[in-house]
Amino acid sequence: MAEGKVQTQSTLAEIDGDTTASSETSSDVDEQDSVLRNRKSSSASKTAGTSSAQAQKVSSQNRWAARMKSLMAILCLWSFAPLLMIMATYAWLKHRLVGGAFEKGKSAEKKKLSILVTGGKMSKASAVARAVGRDGHKVFTAEIMPYQFCHTRFTTYASQHYVLPRPTVKPAEWQAKILEIVKEQNIDLIIPCTAPVESSAYAHLRDVLPAHVRVFAFDGKTSDILDHKYTFNQVLANSKIPCPETANMECYEDAAEFFKKRESMPDDGKRFIVKPAVYDPKARTEILFLPIEDKKRQKEYLKSRNATPQVPYVIQEVLTNPEYGSYAIYNQGHLTGFEFFVSAASCLVYKQCKEQFDKVLQLNKDLGKAMNLTGQLTLDLMHKASGELVPIECNPRIHSAVCTLEGHRNTGAMFTDPNHKPEATDEMVFSHPEAFKYWLMDQLFLMLGFWKAKNCFKLTVSEMLQGNDALLHGDDPMPFLAMYLVQIPSLLMLELISGTEWLKIDFCIGKIVKEGGD
């Protein structure tokens with residue numbers, strides 16, 4: 001492109017010069033101007049050519065730097081193979097000799113199901129496969145390319161693994177493959193553990209499945225309501241559940257009207273941010289706390305969001321840190337499992353948060369009853385200026401915090417039993433209050449400086465000794481080894497070949513994080 005641009009500029013300059021110079025009526029001054037223009041054009045062409053060469057040189061240097069980073073990451077992972085093998089062997093021997101890795105549930109005694117768990121690159125997928133497999137159900141796993149070597153396919157409990165087309169790229173082929181697996185393996189239940197951009201496809205999948213096949217996810221309509229920040233906020237407000245002030249923005253005029261109305265009211269000190277109403281990793285991320293005194297800048301900023309009915313935004317009250325998260329599982333409006341934790345933008349450390357646990361638990365119970373929910377969701381919560389903890393948005397899908405719920409006798413039932421309704425609080429699935437989960441290689445890579453400890457939790461060695469790797473289980477040690485020694489290295493190999501720059505490795509969701517990723 002750079003070369004093409006230089007050629008175009010040069011050609012236009014030459015045509016302009018030739019035309020001017022060949023004019024029989026041109027004066028001497030015109031001829032001098034023509035010469036000057038030719039000189040300037042030639043100079044500009046040379047400058048552009050130099051800039052292009054420099055850009056190519058920098059790009060080449062960046063690619064080789066990225067390749068070196070990928071190679072170092074691969075070698076680092078494999079250098080820890082002896083330690084990882086020792087840890088896996090110890091956990092396996094401990095389970096074989098002592099047991100106690102989990103409480104076996106009885107959900108398969110009622111009916112043994114054939115279950116398809118998708119999203120195999122994610123740690124939450126292997127957690128779900130273990131949970132239902134431990135109860136005695138037959139498990140199949142699946143994931144899209146380029147995650148054909150995902151760690152979940154190596155779980156003890158998987159009978160077979162499938163590679164799927166991307167539902168966002170080839171929806172028809174993806175749907176056909178799912179239906180083929182359902183027919184081939186007589187699937188009774190599908191549990192999606194996929195990336196956010198794929199979750200909507202599963203929410204609408206039940207419309208084409210045989211009547212006997214369930215999808216453990218909200219139906220399409222419910223998912224869309226929960227996923228949209230404004231409609232979710234309205235559900236909270238209508239259910240008398242505390243929530244931040246939120247307005248819908250489908251055009252600049254919506255925002256202008258909102259702030260004009262607030263100008264006519266006494267200043268309550270509230271400030272607002274504008275953000276996409278539905279998850280969009282590529283959305284513009286500049287943040288301004290509105291309103292501001294410079295009205296011209298505010299107008300330009302609001303217009304630059306380019307909000308439309310197809311790409312809506314919300315105007316939401318600014319809340320304060322710390323940020324919390326809650327993960328809830330529902331069946332017919334009943335809360336069957338729950339976790340509450342301190343959160344971060346890149347959260348790879350999970351421990352039950354005791355402060356305000358009961359309040360957020362009740363909030364999730366009220367939400368489930370208000371919408372008669374069946375499925376699983378995650379709430380992001382922050383504090384209002386008054387100190388009240390409120391939900392700011394909902395992600396209507398499974399969360400990695402499910403790793404803290406492993407081992408409970410009812411974990412399998414909350415995913416598989418359509419009639420599972422806890423009769424008492426102690427029948428609900430909670431994590432052990434002292435359970436402390438993290439990803440070992442994430443902490444080691446932080447210590448080694450592969451990326452900065454920004455918007456994440458960095459543990460000390462003593463803190464790490466108090467917890468456990470979220471992937472390491474004595475009855476199923478292979479996914480632990482496969483994530484660190486197979487899945488991530490296979491992805492890094494692709495980056496090594498392409499020379500693509502990347503930001504960090506997310507060992508929890510099992511992918512290489514880049515700018516604008518999902």
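Values in this document were obtained by computation on a predicted structure and should not be read as measured data. Residue indices begin at 1 and follow the sequence shown.
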Could you tell me which residues satisfy side chain to side chain contact (heavy atoms under 4.5 Å, CB included) with Ala127, sequence neighbours excluded, listed by chain and number?
Arg130, Val402, Glu406
Inter- and intrachain pairs under ring-ring contact (aromatic ring centres under 6.0 Å, His included), touching residues 217-261, at least two apart
Phe258-Phe272
Which residues satisfy the side-chain hydrogen bond (donor to acceptor under 3.5 Å, both in side chains) test with Gln362, sequence neighbours excluded?
Asp366
Between Leu348 and Phe457, does the side-chain contact (heavy atoms from CB on, under 4.5 Å) criterion hold? Intermediate values first, please.
CA-CA 7 Å; Leu348 280 86; Phe457 300 113; over 6 Å; no
With sequence neighbours excluded, what pairs up with Lys270 under the side-chain hydrogen bond (donor to acceptor under 3.5 Å, both in side chains) test?
Glu245
Kindly write out the residues that satisfy salt bridge (Lys or Arg N to Asp or Glu O under 4.0 Å) with Glu143, not counting sequence neighbours, or none if the list is empty.
Lys121
Qualifying residue for side chain to side chain contact (heavy atoms under 4.5 Å, CB included) with Phe507, from Met441, Gln487, Gln443
Met441
Lys260 atom NZ: more than 12 heavy-atom contacts under 6.0 Å
no
Can you find a heavy atom in the side chain of Asp442 that is under 4.5 Å from one in the side chain of Asp506?
no
Can you list everything that forms a side-chain hydrogen bond (donor to acceptor under 3.5 Å, both in side chains) with Lys504? Sequence neighbours excluded, please.
Ser346
Any side chain to side chain donor-acceptor pair (under 3.5 Å) pairs touching residues 314-327, not counting sequence neighbours?
Thr246-Gln316, Lys275-Gln316, Ser326-Asn364, Tyr327-Gln376
Contacts of type side chain to side chain contact (heavy atoms under 4.5 Å, CB included), residue Val235, not counting sequence neighbours:
Ile225, Ser239, Leu367, Met371
Please tabulate, for side-chain N and O atoms in residues 288-298, each donor-acceptor pair with protein atoms closer than 3.5 Å (sequence neighbours left out).
residue: Asp294; atom: OD1; partner: Lys296; partner atom: N; Å: 3.3
residue: Asp294; atom: OD1; partner: Arg297; partner atom: N; Å: 3.1
residue: Lys295; atom: NZ; partner: Ile292; partner atom: O; Å: 3.0
residue: Gln298; atom: OE1; partner: Ile292; partner atom: N; Å: 2.9

According to side-chain hydrogen bond (donor to acceptor under 3.5 Å, both in side chains), who are the partners of Gln332, at least two apart in sequence or on a separate chain?
Lys421
For Ala217, enumerate each residue passing the side chain to side chain contact (heavy atoms under 4.5 Å, CB included) test, keeping only those at least two apart in sequence or located in another chain.
Pro192, Val215
Atom CE of residue position Met72 - does it have more than 12 heavy atoms of other residues, nucleotides or ligands inside 6.0 Å?
no
Who are the side chain to side chain contact (heavy atoms under 4.5 Å, CB included) partners of Glu388, not counting sequence neighbours?
Pro242, Lys359, Lys384, Ser386, Val390
Could you go through the side-chain contact (heavy atoms from CB on, under 4.5 Å) check for Phe216 and Ile190 one step at a time?
CA-CA 6 Å; Phe216 193 69; Ile190 299 174; over 6 Å; no
With no hydrogens and no angle check, is any side-chain donor or acceptor of Ser498 less than 3.5 Å from a backbone partner on Leu494?
yes
